[in-house]
K.L.:
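Once you've had a glance at the structure underneath, I'll fire off some questions.
Hydrogens, waters and symmetry mates are skipped; everything else that's a heavy atom, side chains included, is used. Order of the sequence lines sets the chain letters (A, B, ...), proteins ahead of strands, with each chain counted from 1.
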Amino acid sequence: MKLLPCSAAKTSSPAVQSNVEDELEMATVRHRPEALELLEAQSKFTKKELQILYRGFKNECPSGVVNEDTFKEIYSQFFPQGDSTTYAHFLFNAFDTDHNGAVSFEDFIRGLSILLRGTVQEKLNWAFNLYDINKDGYITKEEMLDIMKAIYDMMGKCTYPVLKEDAPRQHVETFFQKMDKNKDGVVTIDEFIESCQKDENIMRSMQLFENVI
Amino acid sequence: MAAGVAAWLPFARAAAIGWMPVANCPMPLAPTDKNKRQDELIVLNVSGRRFETWRTTLERYPDTLLGSTEKEFFFNEDTKEYFFDRDPEVFRCVLNFYRTGKLHYPRYECISAYDDELAFYGILPEIIGDCCYEEYKDRKRENAERLQDDLDSENNQESMPSLSFRQTMWRAFENPHTSTMALVFYYVTGFFIAVSVITNVVETVPCGTVPGSKELPCGERYSVAFFCLDTACVMIFTVEYLLRLFAAPSRYRFIRSVMSIIDVVAIMPYYIGLVMTNNEDVSGAFVTLRVFRVFRIFKFSRHSQGLRILGYTLKSCASELGFLLFSLTMAIIIFATVMFYAEKGSSASKFTSIPASFWYTIVTMTTLGYGDMVPKTIAGKIFGSICSLSGVLVIALPVPVIVSNFSRIYHQNQRADKRRAQKKARLARIRVAKTGSSNAYLHSKRNGLLNEALELMGTPEEAHVGKTTSLIESQHHHLLHCLEKTTGLSYLVDDPLLSVRTSTIKNHEFIDEQMYEQNCLESSMQNYPSTRSPSLSSHQGLTTTCCSRRSKKTTHLPNSNLPATRLRSMQELSTIHIQGSEQPSLTTSRSSLNLKADDGLRPNCKTSQITTAIISIPTPPALTPEGESRPPPASPGPNTNIPAIASNVVKVSAL
């Protein structure tokens with residue numbers, strides 16, 4: 001991977017531009033993905049699908065990598081009413097598997113490959129990874145509450161029925177009742193997968209986005 | 001949602017899997033893509049330049065031409081591409097809009113061409129991106145102003161027969177060039193303004209002494225004469241003001257306008273003086289009022305466009321002038337204070353108070369330096385020099401802004417005037433082009449008739465005289481011919497032999513005229529009494545007389561500037577004579593036809609075989625290409641046209 005340090009896409013946030021060196025580095029970042037054949041072997045997409053995906057990816061991020069701000073911006077375009085920055089942040093962390101602050105095309109494809117072409121096990125694994133914010137293998141109630149609030153934030157203020165203050169908390173409680181088998185206040189990966197496989201709705205909805213590409 | 005981001009929708013949908021485990025209720029079904037086909041490349045051939053893009057790119061905006069099924073109309077089956085016969089440069093911008101979601105406006109492109117292209121592709125110009133929107137709006141505004149300008153001047157030039165007397169008067173006041181009366185009025189008022197101003201000035205000049213008293217100014221020495229002059233001027237101004245008031249379309253607005261206020265202020269002192277004579281108390285005030293007589297000089301602004309531009313500039317630079325004034329006031333106060341306290345110590349200092357120091361500060365800052373007040377202490381001198389240095393700077397700063405404003409407005413005016421002046425030439429060119437097309441029809445008709453005639457006369461070698469016409473031309477001519485047949489009328493056809501001469505050898509006409517001038521003179525005298533003079537003055541081809549029609553032909557010829565329109569018309573008659581076989585009745589009938597002739601018609605001179613087609617009375621056909629408003633084809637018509645045309649000369653120099 002020929003990734004140069006310090007990614008930068010079209011938008012630049014003041015937080016990143018802390019000093020002159022950063023600016024210089026940002027100006028020259030370019031990332032070229034691995035060869036098409038390699039990616040095809042690594043993921044479950046065909047060449048054509050990879051081409052389509054890359055064209056869309058490169059259109060929004062000509063430099064080849066997505067940093068968090070661009071990611072947030074792109075994601076917020078799909079949810080204009082609410083504030084999707086928090087959820088986008090979690091999503092970004094889920095995609096950025098090597099935690100270098102940038103999602104390259106390989107990361108992107110890896111994530112998408114799991115989400116769209118992976119087995120149910122892999123998908124559930126990915127979801128667990130998303131919920132586990134500090135990646136310690138356990139989902140705590142606080143983590144779940146953050147995720148829930150982020151999801152509810154995306155809806156925005158103008159909803160029917162009006163969003164109640166404690167709706168996220170209640171939702172978290174419901175979730176933990178369902179998932180936390182040994183009632184120790186945290187959900188492990190096994191508990192999670194086991195509980196999900198027992199739930200009809202969840203199983204069915206996992207197959208929902210099969211034909212996205 | 002921006003079009004470019006649509007490519008990320010699959011990602012967003014895939015990421016939605018993250019919500020699934022948390023959801024309590026089942027998810028809705030996903031929409032299926034029924035017409036799912038592989039994304040294919042579309043080839044867009046725009047005037048030979050090939051652009052290729054994905055079909056989905058174009059389908060991002062389904063309410064445009066390219067995004068909807070409308071483009072199928074342009075699909076070329078043979079080459080399997082979409083062909084557009086439009087500008088490829090602008091198409092580049094249009095296609096980039098589909099690709100990036102942003103529409104840019106290239107600076108080098110003409111605004112109306114760009115608008116046309118956008119309208120063709122069904123794209124609203126309002127979505128032009130922020131980066132180019134300002135430029136687009138500016139250019140559009142300029143264009144609209146130009147069009148409005150053209151429209152206004154066109155309206156001015158149109159002869160509106162139904163103007164009331166009041167409206168004519170107002171127009172005469174506003175545009176002195178519309179009639180000679182207006183011009184006379186304009187010059188008379190200008191003269192009297194000048195006289196009035198000069199008398200005001202000369203009044204105060206000391207005029208020599210009357211024995212036994214001190215030196216008197218002229219005003220008191222020849223008071224009667226000056227009083228008479230003043231009265232005369234005020235009479236004229238009063239009459240002018242009342243006439244303007246009467247003619248103004250909106251009296252209330254007229255009274256409030258600047259020029260009318262100046263008029264009133266200029267004449268008021270006289271009347272006030274009449275009213276309160278010999279009253280000691282107010283005579284002092286009366287003397288002050290006489291100062292206002294100097295406002296008469298502002299009446300010249302009606303006469304000079306430059307003055308008006310200056311006034312307009314000052315008005316538009318009000319903020320800069322205000323800033324100048326404010327900063328100067330600040331600086332004056334500061335420096336006056338400083339100087340006062342610096343010079344307080346010195347004895348017999350002229351800087352008695354701060355307001356007294358104002359005078360020094362102003363004189364120094366504007367670098368006048370009268371020298372009536374100078375600092376004596378060292379501190380005073382130091383601060384005085386700082387004052388003069390800063391004065392230069394403070395004054396120099398806003399001045400370029402004002403100057404550039406003035407220059408911009410002045411050039412705008414120049415451009416408007418130049419456009420108006422060129423408009424006539426432009427219209428004349430357009431007219432020539434239009435007559436060209438009608439001439440072509442008559443030419444071809446003449447050729448057809450000529451061929452017939454020549455064949456009948458047995459000169460086959462000249463039978464193939466006409467040029468080959470294109471298919472479109474021949475179809476057009478056929479159309480005109482059909483109309484002729486329908487109405488039973490026809491266009492007059494030119495003399496075949498004459499036209500042959502002109503189409504091949506141009507100079508022979510000239511020679512012919514000289515040879516037959518004598519012969520033609522008498523006949524022309526009879527037949528063109530009223531229309532001769534117009535032909536001499538109507539070089540621009542604006543009149544409708546038959547003689548002037550010849551002048552249109554002169555534009556094609558190299559030696560077109562000879563005042564031979566008359567001679568040329570005589571030449572027509574001469575050729576009639578030359579043909580010899582014509583009856584005099586034919587000539588007179590032809591000439592009378594000519595008198596009534598309208599545009600696009602030519603006097604014909606033909607052999608007897610063609611007579612039947614020609615004698616029909618030409619009506620002013622609707623098909624006449626020169627569609628401008630022309631007076632009805634009567635001999636008084638051309639005359640009334642002339643003053644209007646002479647007065648359409650537009651002065652280009654603004655000052």
Side-chain angles (χ1 to χ4, degrees), chain A residues 48-49 51-53 55-60 73-75 77-80 84 87-88 90-91 94-95 108 111-116 118 123-124 126-131 144 147-148 151 154 171-172 174-175 178-179 192 195-196 199-213, chain B residues 1-42 51-61 67 92-93 95-104 127 129-131:
Chain A
K48 269 202 150 22
E49 289 167 340
Q51 282 178 340
I52 295 174
L53 282 171
R55 282 204 295 269
F57 183 85
K58 185 112 174 137
N59 208 22
E60 282 301 299
E73 198 187 301
I74 294 172
Y75 203 70
Q77 307 238 8
F78 296 108
F79 304 100
S84 53
Y87 188 70
F90 295 134
L91 211 52
F95 269 88
F108 187 68
L112 276 188
S113 176
I114 296 175
L115 286 173
L116 299 176
K123 288 181 189 174
L124 289 173
W126 189 89
F128 183 85
N129 197 31
L130 173 70
Y131 300 148
M144 206 56 222
I147 299 271
M148 207 59 74
I151 293 179
M154 279 198 291
H171 206 138
V172 171
T174 324
F175 179 80
K178 207 168 25 170
M179 303 284 168
F192 181 72
S195 319
C196 286
D199 190 329
E200 281 277 335
N201 277 339
I202 295 177
M203 282 299 112
R204 196 169 30 240
S205 52
M206 281 291 172
Q207 315 296 329
L208 202 55
F209 297 109
E210 289 288 280
N211 56 346
V212 163
I213 294 288
Chain B
M1 198 177 68
V5 190
W8 283 66
L9 187 58
F11 156 74
R13 296 180 72 202
I17 287 187
W19 308 333
M20 299 302 138
V22 202
N24 293 332
C25 13
M27 293 286 141
L29 288 173
T32 51
D33 189 2
K34 293 208 176 48
N35 309 343
K36 186 162 179 76
R37 46 174 184 206
Q38 287 289 17
D39 203 3
E40 45 168 334
L41 272 180
I42 293 188
F51 297 87
E52 298 187 23
T53 184
W54 299 107
R55 182 175 287 276
T56 48
T57 310
L58 293 181
E59 284 167 359
R60 284 185 193 152
Y61 296 99
R92 202 174 52 84
C93 300
L95 197 54
N96 277 337
F97 165 62
Y98 285 92
R99 291 179 181 140
T100 63
K102 287 194 272 226
L103 181 61
H104 295 284
I127 51 175
D130 280 340
C131 41

K.L.:
Relative to chain B, which of A:Met144, A:Met148, A:His171, A:Glu200 shows the most heavy atom pairs under 4.5 Å?
P.N.:
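Of the options given, most contacts go to A:His171.
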K.L.:
Heavy-atom distance under 4.5 Å to chain B: side chain of A:Ser205, backbone, both or neither?
P.N.:
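Backbone plus side chain of A:Ser205, per the 4.5 Å heavy-atom cut-off to chain B.
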K.L.:
Find the one option among A:Phe79, A:Phe108, A:Trp126, A:Phe90 whose heavy-atom pairs under 4.5 Å with chain B are most numerous.
P.N.:
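Looking at each option in turn, the highest pair count goes to A:Phe108.
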K.L.:
How many angstroms lie between atom CD1 of B:Ile17 and atom CG of A:Leu130, to the nearest 0.5 angstrom?
P.N.:
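Separation between the atoms: 11.0 Å.
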K.L.:
Heavy atoms only: give me the nearest B:Ala15-A:Leu91 pair and the separation to one decimal.
P.N.:
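Closest heavy-atom pair between B:Ala15 and A:Leu91: CB-CD2, 3.6 Å.
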K.L.:
What's the shortest heavy-atom distance between A:Leu115 and B:Ala14, and which atoms?
P.N.:
CD1-O, 3.4 Å
K.L.:
Where on A:Met203 is there a heavy atom nearer than 4.5 Å to chain B: the side chain, the backbone, both, or neither?
P.N.:
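Neither part.
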